[in-house]
Novice: 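Sending over a structure as structure tokens; questions will come in a sec.
What you are looking at is a predicted structure, and each value in this text was computed from that prediction instead of being measured. Within every chain, numbering begins at 1; the chains are lettered A, B, ... in the order of the sequence lines, protein sequences first and strands thereafter.
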Amino acid sequence: MPELPDVELYRRYFEAHATGREIAAVSVPDTRILDGTTPQALGRRAAGRRFDGTLRRGKHLLARLGADGWVAFHFGMTGTLEWFEDAAGEPEHTCVLFDFADGSHLAIVSVRMLGRVGVADDAEAFFEDRHLGPDALDPDFGRAAFCKALAGRKGTIKSALTDQSLIAGIGNIYSDEILFQARVHPRATPAALGEAALAELYDSMREVLLTAVECGAGSEQFLDRLPKDYLLPHRAESERCPRCGGEIAHATIAGRSSYFCPNCQKADR
DNA sequence: AGCGATGTTCGCCG
DNA sequence: TCGGCGAACATCGC
């Protein structure tokens, strides 16, 4: 699940449960998730300190340890955060575990091991190292910057939207929803779309991501809460378009499984 | 049993 | 140089 809306909700969850608690110890039941650090280094950096703020850019969540830098989380395809009070509540597949001094815990859970946990001294440098573009919801990333970022691209609009070095935060699921809402075919090219359609696509991008956060992306009731004309609940084989009733098409585009409505979504608008 | 899955990265190719 | 593509990573569920 973790694309921008999911990670934004993880960030809020982290703020609600982990921020402010004194960290007594850090353990790493599965070190494969560590990226550029060791259990010892992570423990030295965090033990005895408190998380005092969070920062999200795209799908990366960073948690600040005062002047001692950051712990960086990336959730891959299946990673989650889980805070719990009773030690017996430790989830399966816990890779990193923060034990707080008050007896509660925060688990970083990753079933498929595609997530990453690292440390950083400087957040901006961390993002630069990863060639991460501006966050899709960054207020400073406006229509003009969006159009400029996409305009020169030769490939499909879908590959551009999901390129984290161009715009950070959009993955396979939300690129499909954004294109559906903008009525743009995933194989359209930025050049064929032109400035006006790209500007509309920008509006759809913001609207979709903000709506997904508001509706509680990833929660059980999420699909029911979404507006009636959203593709997400119908993003499957032989489903019907919530707008025109036509059959949803499935194709591999930009190397990813893509769902769209061939009737509503056009390559040149 | 086999295939595909919300992500990222790398090598190969046009 | 750019972009598409497939594989790899690891595991689960249909």
Novice: Under 4.0 Å, counting only non-hydrogen atoms across every strand here, what does A:Arg187 touch: a base, just sugar-phosphate, or nothing?
Specialist: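 Contact class for A:Arg187: none.
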
Novice: Hey, does A:Arg32 reach any base, or is it just sugar-phosphate, or nothing, if we go heavy atoms under 4.0 Å?
Specialist: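 Sugar-phosphate only.
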
Novice: Under 4.0 Å between any heavy atoms, over every strand shown, what does A:Leu114 touch: base, sugar-phosphate, or nothing? Just pick one.
Specialist: base

Novice: Whole angstroms only, please: what is the CD1-P distance between A:Ile253 and C:dG4?
Specialist: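 Those two atoms, CD1 and P, are 11 Å apart.
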
Novice: Any side-chain N or O of A:His74 under 4.0 Å from OP1/OP2 of B:dT8?
Specialist: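 Yes, such a contact exists.
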
Novice: Go through the steps to decide whether A:His185 and A:Gln265 satisfy the test side chain to side chain donor-acceptor pair (under 3.5 Å), and finish with yes or no.
Specialist: CA-CA 5 Å; A:His185 194 288; A:Gln265 293 172 254; over 6 Å; no

Novice: Roughly how many Å is it from CZ in A:Phe75 to C1' in C:dT11, rounded to a whole number?
Specialist: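 Going from A:Phe75 (CZ) to C:dT11 (C1'), I get 19 Å.
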
Novice: Strictly below 4.0 Å: does A:Arg112 bring a side-chain N or O up to OP1 or OP2 of B:dT8?
Specialist: no

Novice: Could you check whether the rings of A:Phe73 and A:Phe14 sit parallel, tilted or perpendicular, using 30° and 60° as the cut-offs?
Specialist: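 Plane angle between 30° and 60°, so tilted.
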
Novice: If you check every side-chain atom of A:Ser159, which of B:dT8, C:dA10, C:dG4 has the closest atom?
Specialist: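 Nearest to the side-chain atoms of A:Ser159, counting from C-beta on, is C:dG4.
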
Novice: Expressed in angstrom and rounded to an integer, what is the separation of A:His60 atom NE2 from B:dG7 atom P?
Specialist: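 Nearest whole value for this atom pair: 12 Å.
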
Novice: Would you mind pulling out the nucleotide paired to B:dG14, Watson-Crick or G-U wobble, both distances under 3.5 Å?
Specialist: C:dC2

Novice: Taking atom CD of A:Glu220 as the centre, report whether more than 12 heavy atoms of other residues, nucleotides or ligands fall under 6.0 Å from it.
Specialist: no

Novice: Check whether any side-chain N or O of A:Arg256 sits under 4.0 Å from OP1 or OP2 of B:dG7, and answer yes or no.
Specialist: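 Answer yes for this pair, as a side-chain N or O of A:Arg256 is under 4.0 Å from OP1 or OP2.
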
Novice: Just compare B:dT8, C:dG4, B:dA5 and give me whichever is closest to any side-chain atom of A:His250.
Specialist: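 The answer is B:dA5.
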
Novice: For the side chain of A:Lys59, counting heavy atoms from C-beta on, which of C:dT11, C:dG3, B:dG7 is nearest?
Specialist: B:dG7

Novice: Would you mind telling me which residue lines up with the more 5' stretch of DNA chain C, A:Thr156 or A:Asp30, judged by nearest nucleotide?
Specialist: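 This one resolves to A:Thr156.
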
Novice: Between A:Asp129 (CG) and B:dT8 (C1'), how many Å, whole number?
Specialist: 16 Å

Novice: Compute the ring centroids of A:Phe126 and A:His60, then answer whether they are less than 6.0 Å apart.
Specialist: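 Yes, they do, as the ring centres are separated by less than 6.0 Å.
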
Novice: Looking only at side-chain N and O atoms, does A:Ser257 come under 4.0 Å of OP1 or OP2 in B:dA5?
Specialist: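 Affirmative; the distance criterion is met.
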
Novice: Centroid-to-centroid, A:Phe180 to A:Phe260, below 6.0 Å?
Specialist: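 Here the rings of A:Phe260 and A:Phe180 have centres that are no less than 6.0 Å from each other.
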
